[in-house]
A.B. asks: 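Provided herewith is a single structure, encoded as structure tokens, for subsequent inquiry.
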Amino acid sequence: MKKITFIYLATCPYCANARRAMAELKEENPACRQVPFEAIDEAAEPDKAAVYGDSYYYVPTFFVDGKKLYEASPDDTYEIIRDHVKEVFRAAMQD
């Protein structure tokens with residue numbers, strides 16, 4: 001499995017939707033719980049987020065093994081975010 005890196009802000013409503021989608025996905029598919037995962041709060045851990053700084057603008061942003069797979073847009077609905085989160089986990093679980 002490949003590692004997912006999730007960059008977020010604690011106060012961001014889109015990030016809250018991404019966390020909700022991840023929780024639902026892990027409930028539906030327990031294999032998702034086995035995926036290596038790192039969450040980086042952009043405000044609390046700026047040095048860690050800086051490693052990815054030139055690769056994204058909006059949060060939430062998801063990387064799989066260092067490759068950006070999803071960066072939210074300001075008008076993304078919960079359904080859009082959830083679909084992308086599914087794709088991120090699917091990519092991480094592929095060999």
Side-chain angles (χ1 to χ4, degrees):
M1 285 191 205
K2 299 172 189 138
K3 178 182 171 185
I4 294 174
T5 303
F6 169 55
I7 301 178
Y8 71 98
L9 287 169
T11 58
C12 168
Y14 301 99
C15 299
N17 281 339
R19 287 191 301 272
R20 178 179 150 206
M22 286 187 286
E24 288 178 7
L25 185 59
K26 289 176 181 179
E27 188 65 32
E28 293 169 10
N29 183 356
C32 292
R33 297 177 194 153
Q34 304 304 314
V35 175
F37 187 85
E38 177 182 27
I40 300 172
D41 182 332
E42 187 181 66
E45 302 174 288
D47 293 340
K48 281 183 155 181
V51 172
Y52 300 93
D54 292 339
S55 302
Y56 76 99
Y57 185 76
Y58 293 112
V59 291
T61 298
F62 287 86
F63 294 86
V64 174
D65 275 358
K67 179 181 176 187
K68 182 172 71 173
L69 290 191
Y70 173 59
E71 177 176 356
S73 295
D75 59 347
D76 283 358
T77 64
Y78 173 74
E79 291 76 18
I80 290 171
I81 292 170
R82 187 173 197 284
D83 289 346
H84 283 287
V85 167
K86 276 183 157 179
E87 288 302 315
V88 166
F89 274 84
R90 186 173 297 133
M93 291 170 38
Q94 291 178 348
D95 290 329

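Note that the coordinates shown come from a computational prediction; the quantities given were computed from them, not determined experimentally. Sequential numbering from 1 along the given sequence is applied to the chain's residues.
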A.B. asks: Using the test salt bridge (Lys or Arg N to Asp or Glu O under 4.0 Å), find all partners of E42 that sit at least two apart in sequence or belong to another chain.
C.D. replies: none
A.B. asks: Taking only residues two or more places apart in sequence, or in another chain, which ones meet F89 in a ring-ring contact (aromatic ring centres under 6.0 Å, His included)?
C.D. replies: none
A.B. asks: Where is the tightest heavy-atom contact between A43 and P46, given as atom of each residue plus distance?
C.D. replies: O-CD, 3.6 Å
A.B. asks: Considering non-hydrogen atoms only, spot the tightest contact between P60 and C15 and give its length.
C.D. replies: N-SG, 3.6 Å
A.B. asks: So for atom CG, which belongs to D75, do other residues, nucleotides or ligands contribute more than 12 heavy atoms lying within a distance under 6.0 Å?
C.D. replies: yes
A.B. asks: Please list all pairs passing the ring-ring contact (aromatic ring centres under 6.0 Å, His included) test where one or both residues lie in residues 19-40, with sequence neighbours left out.
C.D. replies: none
A.B. asks: By side-chain hydrogen bond (donor to acceptor under 3.5 Å, both in side chains), which residues pair with D41, not counting sequence neighbours?
C.D. replies: none
A.B. asks: Kindly give the heavy-atom pair with the smallest separation between A21 and Y78, and that separation in Å.
C.D. replies: CA-OH, 3.5 Å
A.B. asks: Any heavy-atom pair between the side chains of M22 and I4 that's under 4.5 Å?
C.D. replies: no
A.B. asks: Return the set of residues passing side-chain hydrogen bond (donor to acceptor under 3.5 Å, both in side chains) with K68 (not counting sequence neighbours), or none when no residue passes.
C.D. replies: E71
A.B. asks: Could you identify which residues cluster with L9, counting Ile, Leu, Val, Met, Phe, Trp and Tyr as linked when any side-chain heavy atoms lie under 4.5 Å apart, either directly or through a chain of such contacts?
C.D. replies: I7, I40, V51, Y52, Y56, V59, F63
A.B. asks: E27: which residues meet the salt bridge (Lys or Arg N to Asp or Glu O under 4.0 Å) condition with it, sequence neighbours left out?
C.D. replies: R33
A.B. asks: State, with a plain yes or no, whether a side-chain heavy atom of S73 is found less than 4.5 Å away from one of Y58.
C.D. replies: no
A.B. asks: Sort and list the pairs that fulfil ring-ring contact (aromatic ring centres under 6.0 Å, His included) and have at least one residue in residues 13-36, not counting sequence neighbours.
C.D. replies: none
A.B. asks: With sequence neighbours excluded, what pairs up with A23 under the side chain to side chain contact (heavy atoms under 4.5 Å, CB included) test?
C.D. replies: none
A.B. asks: Please tell me whether L25 and Y8 are part of a single hydrophobic cluster in this structure, the criterion being side-chain heavy atoms less than 4.5 Å apart.
C.D. replies: yes
A.B. asks: Who are the salt bridge (Lys or Arg N to Asp or Glu O under 4.0 Å) partners of K48, not counting sequence neighbours?
C.D. replies: E38, E45
A.B. asks: Mind listing the side-chain donor-acceptor pairs of residues 80-88 below 3.5 Å, one per line with the distance, residues two or more places apart or on another chain?
C.D. replies:
from: R82; atom 1: NE; to: E24; atom 2: OE1; distance (Å): 3.0
from: R82; atom 1: NH2; to: E28; atom 2: OE1; distance (Å): 3.0
from: R82; atom 1: NH2; to: E28; atom 2: OE2; distance (Å): 2.3
from: E87; atom 1: OE1; to: R90; atom 2: NH1; distance (Å): 3.4
from: E87; atom 1: OE2; to: R90; atom 2: NH1; distance (Å): 2.3

A.B. asks: Please identify each residue that fulfils salt bridge (Lys or Arg N to Asp or Glu O under 4.0 Å) with K26, with sequence neighbours left out.
C.D. replies: none
A.B. asks: If I compare all heavy atoms of K2 with all of P36, which pair ends up nearest, and what's the gap?
C.D. replies: O-CD, 3.6 Å
